[in-house]
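Computed from a predicted structure; not experimentally measured. Both backbone and side-chain heavy atoms feed into the values below; hydrogens, waters and symmetry mates do not.
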Amino acid sequence: MPLLKEKKIIAALFLIFLPCLSFALSGHGKIIWIFSKKSPCVFKYQDGTLYDKDGENKKVYRAHCDYMLANLENPVSQFNHLPTEAAQEELLRAIWRETGSALTAIKKKEKEILSQNNQGKILPQATPETRLWALMKMEEGVWVKGEKSCAPFRWPKAEESSYLRKTNGVWSDTWDRCMHPFYDRWVSLNNQAQELQSKEFHQSRRKVQSFLSLAQRLKKGIVPMGIPLSGRGLPSDSQLGISPSQKEIPGLLRHFVLDQKSSQPPSPHPLSEAEYHQRGYFSRGYAAGMERLKDDALVSLSHSLGLSRTVGDPQGKAKNIIHQKNGTCAVEAQYEVLKSYGQYVTPKGLADEAFRKGYYHEPQLKSGAFLGGTFLDNEGKLLQDHGLSVHVFPPTSKNAARNGELDKAIKDNGGALASVESSRLWDDPAHPGGHEIFVTGEEVSNKTGQVLGYYINDTGTGEAMRFVPKNDFDRAWRAHGYGLITFHEKSKK
């Protein structure tokens, strides 16, 4: 090849690649990514000059920086270890293209999600029940789908909330901007759902008061006693929506059993809106909330008729309910117990204590997530350390005699801790696993003395004073081997 022709080719190639090489020839040295949580997207040359491509403000690059932080394994290290400035520029150009594609996809997805989860799609003639159900489904949908669509810009990686570390730190600017439309829609749906939930509670309360008033009239002999109540003003099973498991309250709407040996405790049905909110009726969704209101209405009516009574003080212990963080169910169930004894403890303080003493662990998985839990050998130790006398009944394959131990603990000491299978307790196969709950009382038949169901505080869902029919409770308890922890104050010498 003639020398002149060869030189022309080299010159042409030089001109073609000149834009790519211009940064390398800047004389500033390589680009250094200076990362901090407060200012995660600061890029400077080795000589300290701010990297500000084309004279634009560095904030222009925030979305691309956020994309790298969310999608590269070790983004800062990977970037700073690239051998040349040209290689760094090449990575930035590739990220620039991918970021643009991701933002375009999010905009398209945003319109789709918001149109699907629009309260205007609910038919105007829909019943309040249908409307509430639809709003709660939309609430969940807009949040979950929104988070999924914004995932390309989410850093640090999502992890379970925890008492032991600052979790879900300050999300990236791009993540926040992406989630704003979804958050605004969620707030709108949530406000409407809360309003309808409150209306459902007040309607349920009025019905219960009407039932109780009629029951008192029947007691006074205004309506003859000892005969079926059908056609005498009380609702039928189907009208109340009673499921077969709820019919464990014997003859509730059929015959009176007047046994007033025990003074009647407060009505299990929430007496005020504050109690209703405190107990977390709709935390597991629409169906669970309506089921709980019906359960409590039935038990309140049962009290008024003298059919059953509450043993323990589930209403008093409801005020101690919290919603746990990560896998602290055993720790926070013990927190509720200690609070019921008047001890000054805090959820975070007790979790820190359990972690420090080795009772509670949060091992990190390969995915980066933390998995919290309390080992069986350590369950109940916090109660011991805080001065209570504790007896642990470890899980076993079969031991239905534990029911007797549980009943005794409720009668003698107002409650116990039970290990249950969460998916059965919540009727949700998506959340399997062992779970610790605080059993705060039980409902007992005045006629037969049989236990009809238990009251629980559940830190996993934030529900307080939830009535669980005995058969349902036993299924969840049996699936985890009837694990039980009983406790009482040590006798003072």
Between Asp428 and Ala430 (side chain of the first, backbone of the second, donor and acceptor by atom type, cut-off under 3.5 Å), is there such a pair? yes
Other residues, nucleotides and ligands only: do more than 12 of their heavy atoms fall within 6.0 Å of CD on Glu140? no
Could you note down all residue pairs passing salt bridge (Lys or Arg N to Asp or Glu O under 4.0 Å) where residues 383-393 supplies at least one of them, sequence neighbours left out? Lys357-Asp385
Is there a side-chain contact between Leu417 and Phe487 (heavy atoms, below 4.5 Å)? yes
Can you tell me if Asn378 uses its side chain to pair, donor with acceptor, with the backbone of Thr374 under 3.5 Å? no
Okay, side chain of Ser283, backbone of Thr461: is any donor-acceptor separation there less than 3.5 Å? yes
Can the ring centroids of Phe79 and Phe43 be said to lie less than 6.0 angstrom from one another? yes
For Met465, does its backbone N or O pair with a side-chain atom of Asn457 as donor and acceptor, under 3.5 Å? yes
If we ignore angles and hydrogens, is there a donor and acceptor under 3.5 Å between the side chains of Asn118 and Lys121? no
Under the 3.5 angstrom rule, does the side chain of Asp173 hit a backbone N or O of Arg62 as a donor-acceptor pair? no
Enumerate the disulfide bond (SG atoms under 2.5 Å apart) contacts for residues 102-155, please, sequence neighbours excluded, ordered by first and then second residue. Cys150-Cys178
Assess, by modelled atom type and distance only, whether the side chains of Glu110 and Ser149 contain a donor and an acceptor separated by less than 3.5 Å. no
Which residues satisfy the salt bridge (charged side-chain N to carboxylate O under 4.0 Å, His left out) test with Asp458, sequence neighbours excluded? none
Which distance, rounded to the nearest 0.5 Å, do you find between the CD of Gln278 and the NZ of Lys319? 8.5 Å
Got a sec, which residues hit salt bridge (charged side-chain N to carboxylate O under 4.0 Å, His left out) with Lys109, two or more places apart in sequence or on another chain? Glu112
Could you check whether any side-chain N or O of Glu336 sits under 3.5 Å from a backbone N or O of Phe438, counting only pairs where one atom can act as donor and the other as acceptor? no
Pairs under 3.5 angstrom only: tabulate donor-acceptor contacts from the side chains of residues 186-195 to other protein residues two or more places apart or in another chain.
{"residue": "Ser188", "atom": "OG", "partner": "Gln119", "partner atom": "NE2", "Å": "3.0"}
{"residue": "Asn190", "atom": "ND2", "partner": "Glu139", "partner atom": "OE2", "Å": "2.6"}
{"residue": "Asn191", "atom": "ND2", "partner": "Val187", "partner atom": "O", "Å": "3.3"}

Go through Glu436 and Gln334 one step at a time and tell me if the side-chain hydrogen bond (donor to acceptor under 3.5 Å, both in side chains) criterion holds. CA-CA 9 Å; Glu436 194 93 340; Gln334 291 175 91; over 6 Å; no
With no hydrogens and no angle check, is any side-chain donor or acceptor of Gln88 less than 3.5 Å from a backbone partner on Ile31? yes
Could you check whether His202 and Glu273, counting side-chain N and O atoms only, form a donor-acceptor pair closer than 3.5 Å? yes
Which of parallel (below 30°), tilted (30 to 60°) and perpendicular (above 60°) describes Tyr183 and Trp143? perpendicular
Got a donor-acceptor contact below 3.5 angstrom from the Asp472 side chain to the Val468 backbone? no
Evaluation steps, salt bridge (Lys or Arg N to Asp or Glu O under 4.0 Å), between Lys470 and Asp474: CA-CA 6 Å; Lys470 187 176 183 302; Asp474 282 352; 2.6 Å; yes
How would you list, by chain and number, every residue that makes a salt bridge (charged side-chain N to carboxylate O under 4.0 Å, His left out) with Asp313, sequence neighbours excluded? none
Going from OH on Tyr455 to CD1 on Ile410, what distance comes out if it is rounded to the nearest 0.5 angstrom? 11.0 Å
Can a donor-acceptor pair be found, under 3.5 Å and without considering hydrogens, that links the side chain of Ser204 to the backbone of Glu200? no
Regarding Glu405 and Thr486, is there a side-chain donor-to-acceptor distance under 3.5 Å anywhere? no
Gap separating the CZ atom of Arg205 from the CG atom of Asp296, nearest 0.5 angstrom: 13.5 Å
Look at atom CZ of Arg424 and say whether more than 12 heavy atoms of other residues, nucleotides or ligands are closer to it than 6.0 Å. no
Classify the ring geometry of Tyr276 against Phe201: parallel below 30°, tilted from 30° to 60°, perpendicular beyond 60°. parallel
Taking the six-membered ring for Trp, are Phe153 and Trp175 ring centroids under 6.0 Å apart? no
Just how far is it from atom OG of Ser172 to atom CE of Met68, taken to the nearest 0.5 Å? 12.5 Å
Hey, could you give me the CZ/CZ distance between Arg279 and Arg466, rounded to the nearest 0.5 Å? 14.0 Å
Distance in Å, Trp133 CH2 paired with Leu196 CG, rounded so as to fall on 0.5 Å steps: 14.5 Å
